[in-house]
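Before any comments, here is the structure.
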Number of protein chains: 2
Amino acid sequence: MNVRQRQGQKTKKKIIEAAIALFHERGFNNVTVDEIVAVTNTSKGAFYNHFTSKHEVFAEQFKQIDQFYVEHLVPQLDADQSVIERLTRFLELQMNYLQDELGWDVTRTIYEQELSTERSSYFLDPDRPLYDILFTLCQEGIDKGEFKEGYSAHDIVTVLIHGMRGVLYNWSLNRGRISLADEQRMMFGALLDGLSAE
Amino acid sequence: MNVRQRQGQKTKKKIIEAAIALFHERGFNNVTVDEIVAVTNTSKGAFYNHFTSKHEVFAEQFKQIDQFYVEHLVPQLDADQSVIERLTRFLELQMNYLQDELGWDVTRTIYEQELSTERSSYFLDPDRPLYDILFTLCQEGIDKGEFKEGYSAHDIVTVLIHGMRGVLYNWSLNRGRISLADEQRMMFGALLDGLSAE
DNA sequence: AATAGATACAGACCGTAGTCTCTTCATTAT
DNA sequence: ATAATGAAGAGACTACGGTCTGTATCTATT
């Protein structure tokens, strides 16, 4: 990496850090791009050279979410447990992470952005690690006969994702005033009950 | 209603009809307020006198949705069927209506708006007729022992609403490319299975 | 070493949602 | 009948996300 590129990365990093801090402090919608470039002594040109939109600064955080799932959540699962138990545990850990680490405003912003832009959506990316995690588990569950007949692994992942989206959408909509842990437990409890065999 | 008010309502109606038509034609995001006021020979002053935002013109349609549920969907339910069957049927009718009549772009816009504005949210309004419909059914189901022990009517409504949100969010996100009917059937099938007794 | 090309960045500019002020005129009070 | 009030509306203006063009400087080529 030459001097020029290094300088570029430095600027990018500076913008990300300042932006994330401001967002965290006052909420995404209350921070302007003009303000971000002012406090970082950069410019619109610099900002939009590194990011295609204000939302994309968020993506920097967002990309790390699935990485976190893979590195820190999946290893916590106990292979001795049934798939249903492991799924329950994974979803619980995931929701705790979102509630405690990411927060509702970030979540809300992501959910809003995904709906609003024409740009490439992370939710729709079939290679998203989260989908792999769930698919692998579900396939194992089917092979072991833990699920009702008639569901494919893809079906189950789809249903789980829908459940997740609904719970997270509502939690964001309520601005974190409801307990994600409670809502999550009820939702996936009912859902996995309905999906499991016998 | 005097002459002045009548004139106001006439203008409002004119704007709503033109806006809805334009939205339907080219999508919400591709229609500007300037354009709406141009084709209706009105002005920004007139527009924002009657609506607090571009999104709110949508609310006019939206308010009619629940009215439609109450007037046209609920009467179709067969009181001889079990509550679970009626819930299944209601959700099916509801999703069909949204898919065929309202369309994904309107749905997407509503879901986006609810997340983005600080303004009063329709989803959060506890008096929303949809919640009443579901609550009444669920309470009856509990009284008749159709649901598992330990769930209150409120719990069940919450879970169903979350399921609904997840399915509709995803359908909108996919710009109607997935079958709402199929996704809905799988989601509520699993969910009601998980919630019902024995 | 000289030149051409590329790119990080600056900042003027644009499009659009939403605001503010001002005018008009029906309605109400005197 | 006349004056005061206030809502419907016109349209200039603002705020802000995003684009476009220009510039300086680093890098690659010969």
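Convention: sequence-line order gives letters A, B, ...; per-chain numbering from 1.
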Distance check, rounded to the nearest 0.5 Å: [X] atom [atom1] versus [Y] atom [atom2]?
| X | Y | atom1 | atom2 | result |
| --- | --- | --- | --- | --- |
| B/Q139 | B/F147 | CD | CZ | 10.0 Å |
| B/E101 | B/Q64 | CD | CD | 12.5 Å |
| A/F58 | A/F51 | CZ | CZ | 12.5 Å |
| B/L192 | B/L91 | CG | CG | 7.0 Å |

- [ ] Might you confirm whether atom CD of A/Q76 has over 12 heavy atoms from other residues, nucleotides or ligands at distances under 6.0 Å?
- [x] yes
TODO: Within residues 32-50 of chain B, find the residues that approach DNA chain D with a heavy atom at under 4.0 Å, and present them sorted by residue number.
DONE: B/N41, B/T42, B/S43, B/K44, B/G45, B/A46, B/N49, B/H50
- [ ] Would you jot down, in residue-number order, the residues of residues 7-28 of chain B having a non-hydrogen atom under 4.0 Å from DNA chain D?
- [x] B/Q7, B/G8, B/T11
Hey, is [X] close enough to [Y] for a salt bridge, meaning N to O under 4.0 Å?
| X | Y | value |
| --- | --- | --- |
| B/R26 | B/E35 | yes |
| B/R128 | B/D66 | yes |
| A/E140 | A/K144 | yes |
| B/D193 | A/K148 | yes |

Task: No-H, no-angle donor-acceptor pair, B/R4 side chain to D/dA8 base, under 3.5 Å - done: no
Task: Side-chain N,O (B/N2) to OP1/OP2 (C/dT27) below 4.0 Å - done: yes
Open item on the list: What's the angle between the local helix axes at either end of the helix from C/dA1-D/dT30 to C/dT30-D/dA1, using five pairs per end and rounding to 10 degrees?
Closed with: 0°
What is the separation between atom [atom1] on [X] and atom [atom2] on [N], rounded to the nearest whole Å?
| X | N | atom1 | atom2 | result |
| --- | --- | --- | --- | --- |
| A/F58 | D/dG17 | CZ | C1' | 15 Å |
| B/Q5 | D/dG6 | CD | P | 15 Å |
| B/R6 | D/dG9 | CZ | P | 13 Å |
| A/F51 | C/dA8 | CZ | P | 13 Å |
| B/K54 | C/dT19 | NZ | C1' | 17 Å |

Task: Nearest heavy-atom neighbours spanning B/F68 and B/Y97 - done: CE2-CD1, 3.3 Å
Task: A/E56 side chain vs A/S53 backbone, donor-acceptor pair below 3.5 Å - done: no
